[in-house]
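Reviewing the structure listed below.
In what follows, chains carry the letters A, B, and so on, assigned in the order in which the sequence lines appear, proteins first and then strands, with residues in each chain numbered from 1. Remember, predicted model here, so these are calculated numbers, not experimental data.
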Number of protein chains: 2
Amino acid sequence: MPRPPKEPSGGRPTRERILDVALDLFATEGFEKTSLREIAERMGFSKAALYYHFASKDDILLALHLRLHELGAAAFEDIDPDRVDPSAWRGLFDRLIDRMLEHRQLFILHARNHDALKRIAHEHPKGEHEDLEERVRRLLADPAVPAAQRVRLACAVGSVMAGMIAAGDFFTDIDTGLLAKLVRGAVGDLIDPVVRGDV
Amino acid sequence: MPRPPKEPSGGRPTRERILDVALDLFATEGFEKTSLREIAERMGFSKAALYYHFASKDDILLALHLRLHELGAAAFEDIDPDRVDPSAWRGLFDRLIDRMLEHRQLFILHARNHDALKRIAHEHPKGEHEDLEERVRRLLADPAVPAAQRVRLACAVGSVMAGMIAAGDFFTDIDTGLLAKLVRGAVGDLIDPVVRGDV
DNA sequence: GTCTATATTTCGATAGAC
DNA sequence: GTCTATCGAAATATAGAC
């Protein structure tokens, strides 16, 4: 029989609590600069104990990458990978903004440790997931797409990122719902000419 | 008498060439991940020789920080620190975009290693420079400024950053002049409602 | 100005007891 | 599942010869 949890952790498994701590540290200090000693100290046990739950430091980052990947897969599974036309951009960004504000830390982790994530994703050739980021990346680099559209798309992505980062640093007094509305408005102004076909 | 330079380095002093190499590495791999061994290898001499030119690794980053600071001071010395009103934003961003595209690496270095730069700037209390970034930062965090203006400003900054980062990654086929024009147009659409007083 | 050699620290990771 | 103890590698930095 499954024994009930004894720790005062809300029944949250130790592995998940380690990931919570690592997410916080990786997002605020960076993956390279965060040491396992630091994670272990916050968890209240020794460095070696971490290795019972994870095979390596990279393995912790990989698990966090999976959290983000599953999130993205669930949120954008109805998008046609082969045909991302501008008319779908507005709805795409509306959902993206909500998701990103809802899971700020995960996206900040991703943006901040992009190199490390790319490295371990490259060392784990399993799945070769075709996620949203890769599609946007290809769109941005495609010389066949009008330059104006590509630049506008990059600015829109940068705007969402900036809003998300600022949310925790400068916008602590702004309600999340209002922030989402304002960012949606700004992104709308950015991609309106693209959607309307003016560029 | 000042002896002529013998190295095939265009007469560029060793110290400056070290900074060039360090800038490239810090911007592409990050400050923490770049080792002095890596810099020394590219320079063609040993690790210890670096310490003849710089007192520490932090000192190298500090010198690069000064490059950026002098650049910013020269470019925005005519801005009134105490009165940054929206009507000046357009001109501010126009100059900012040109400067940033012109010195891409320096700004990428700054964005990527913001924490390390803040740390060494904090350890060097000299000057307590009041630069443009600090002013924008205060504006973004000021609850007295309308939320819509703050969010639009953050999006504009994020757009410029995105355009600059993408310039080297995805926009290699886009002429710099065209890119600057397109980013100016995008930022204009973002801050137009603010400048006109619609928000 | 650059070298070799080395001191010192910190890190990720492992071994084995409990 | 967690511990202590330790290994090996790599990092920053220093000492002293040339």
Side-chain angles (χ1 to χ4, degrees), chain A residues 2-23 25-26 28-65 113 115-117 119-120 123-124, chain B residues 1-22 25-26 28-65 113 115-117 119-120 123-124:
Chain A
R3 67 180 58 188
K6 315 181 201 67
E7 342 83 80
S9 324
R12 195 162 176 74
T14 302
R15 185 187 157 95
E16 293 303 313
R17 285 189 295 125
I18 293 174
L19 288 178
D20 294 340
V21 168
L23 172 58
L25 287 170
F26 291 170
T28 57
E29 303 186 1
F31 174 72
E32 323 279 357
K33 187 127 207 210
T34 301
S35 66
L36 296 182
R37 175 189 55 76
E38 221 173 334
I39 299 176
E41 267 174 15
R42 278 215 198 175
M43 290 298 300
F45 50 57
S46 81
K47 208 171 49 168
L50 288 174
Y51 282 89
Y52 176 82
H53 301 277
F54 294 94
S56 68
K57 188 185 178 186
D58 280 4
D59 200 36
I60 299 179
L61 186 59
L62 184 62
L64 289 172
H65 167 71
N113 304 292
D115 287 5
L117 279 164
R119 174 178 57 81
I120 68 169
E123 289 166 359
H124 282 254
Chain B
M1 45 191 153
R3 66 181 60 187
K6 317 181 199 68
E7 341 84 79
S9 324
R12 196 163 175 74
T14 304
R15 184 185 158 97
E16 294 303 313
R17 286 188 295 126
I18 293 174
L19 287 178
D20 293 341
V21 168
L25 287 171
F26 291 171
T28 57
E29 303 186 2
F31 174 71
E32 324 279 356
K33 191 132 206 214
T34 301
S35 65
L36 297 181
R37 176 189 55 76
E38 220 173 335
I39 299 176
E41 268 175 13
R42 278 214 198 177
M43 289 300 298
F45 52 56
S46 83
K47 216 171 38 171
L50 289 174
Y51 283 89
Y52 175 82
H53 301 277
F54 294 94
S56 67
K57 188 186 179 185
D58 280 5
D59 199 36
I60 299 179
L61 187 59
L62 184 62
L64 289 172
H65 166 71
N113 304 294
D115 287 7
L117 279 165
R119 174 178 57 80
I120 67 170
E123 288 167 359
H124 282 254

Stretch residues 38-51 of chain A: residues that reach within less than 4.0 Å of DNA chain D through a heavy atom:
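Nucleic-acid contacts, sorted: A:Phe45, A:Ser46, A:Ala48, A:Ala49.
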At a heavy-atom distance below 4.0 Å, what parts of residues 52-63 of chain A sit against DNA chain D?
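A:Tyr52, A:His53 - these, ordered by number, are the residues of the stretch whose heavy atoms sit under 4.0 Å from the strand.
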I need the CD-P distance between A:Glu29 and C:dC11, as an integer number of Å.
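After rounding, the reported distance stands at 11 Å.
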Ionic contact status for A:Lys33 with B:Asp115, cut-off 4.0 Å:
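A salt bridge is absent here (no side-chain N lies under 4.0 Å from a carboxylate O).
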Global bending angle along the helix from C:dG1-D:dC18 to C:dC18-D:dG1, which compares the axes of five pairs at either end, to 10 degrees
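Between the first-five-pair axis and the last-five-pair axis there is 0°.
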Hey, where on DNA chain D does chain A first and last touch, going 5' to 3'? Cut-off is any atom under 4.0 Å from a heavy atom.
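So the outermost contacting nucleotides come out as D:dG1 to D:dT4.
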Heavy-atom pair with the smallest gap, counting every atom of B:Ala22 and B:Ile60
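The answer is CB-CG2, 3.6 Å.
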Atom CD1 of A:Ile120 and atom CZ of A:Phe31: how far apart are they, to the nearest 0.5 Å?
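Atom-to-atom, A:Ile120:CD1 and A:Phe31:CZ are 6.5 Å apart.
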Distance check, rounded to the nearest 0.5 Å: A:Glu16 atom CD versus A:His53 atom NE2?
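Taking CD in A:Glu16 and NE2 in A:His53, the distance rounds to 11.5 Å.
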Any side-chain heavy-atom pair from B:Phe26 and B:Leu19 closer than 4.5 angstrom?
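The answer is no, as the side chains (C-beta and beyond) never meet within the 4.5 Å cut-off.
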Between B:Leu62 and B:Asp59, is there a side-chain heavy-atom distance shorter than 4.5 Å?
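When only atoms from C-beta onward are counted, B:Leu62 and B:Asp59 do touch, with a gap below 4.5 Å.
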Not counting sequence neighbours, which residues clear side-chain contact (heavy atoms from CB on, under 4.5 Å) with B:Glu38? List them please.
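side-chain contact (heavy atoms from CB on, under 4.5 Å) check on B:Glu38 returns B:Leu25, B:Glu29, B:Thr34, B:Ser35.
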Which residue in the set A:His65, A:Arg119, A:His124 passes side-chain hydrogen bond (donor to acceptor under 3.5 Å, both in side chains) when paired with A:Asp58?
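With A:Asp58 as partner, side-chain hydrogen bond (donor to acceptor under 3.5 Å, both in side chains) holds for just one option, A:Arg119.
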Using atom types as modelled, flag every donor-acceptor pair under 3.5 Å from a side chain in residues 43-51 of chain A to any protein atom, sequence neighbours excluded.
residue, atom, partner, partner atom, Å
A:Ser46, OG, A:Ala48, N, 3.4

Checking A:Leu36 against A:Ile39 for the side chain to side chain contact (heavy atoms under 4.5 Å, CB included) test, could you report, in this order, the C-alpha distance in whole Å, the side-chain angles of both residues, the deciding distance, and whether it holds?
CA-CA 5 Å; A:Leu36 296 182; A:Ile39 299 176; 4.2 Å; yes
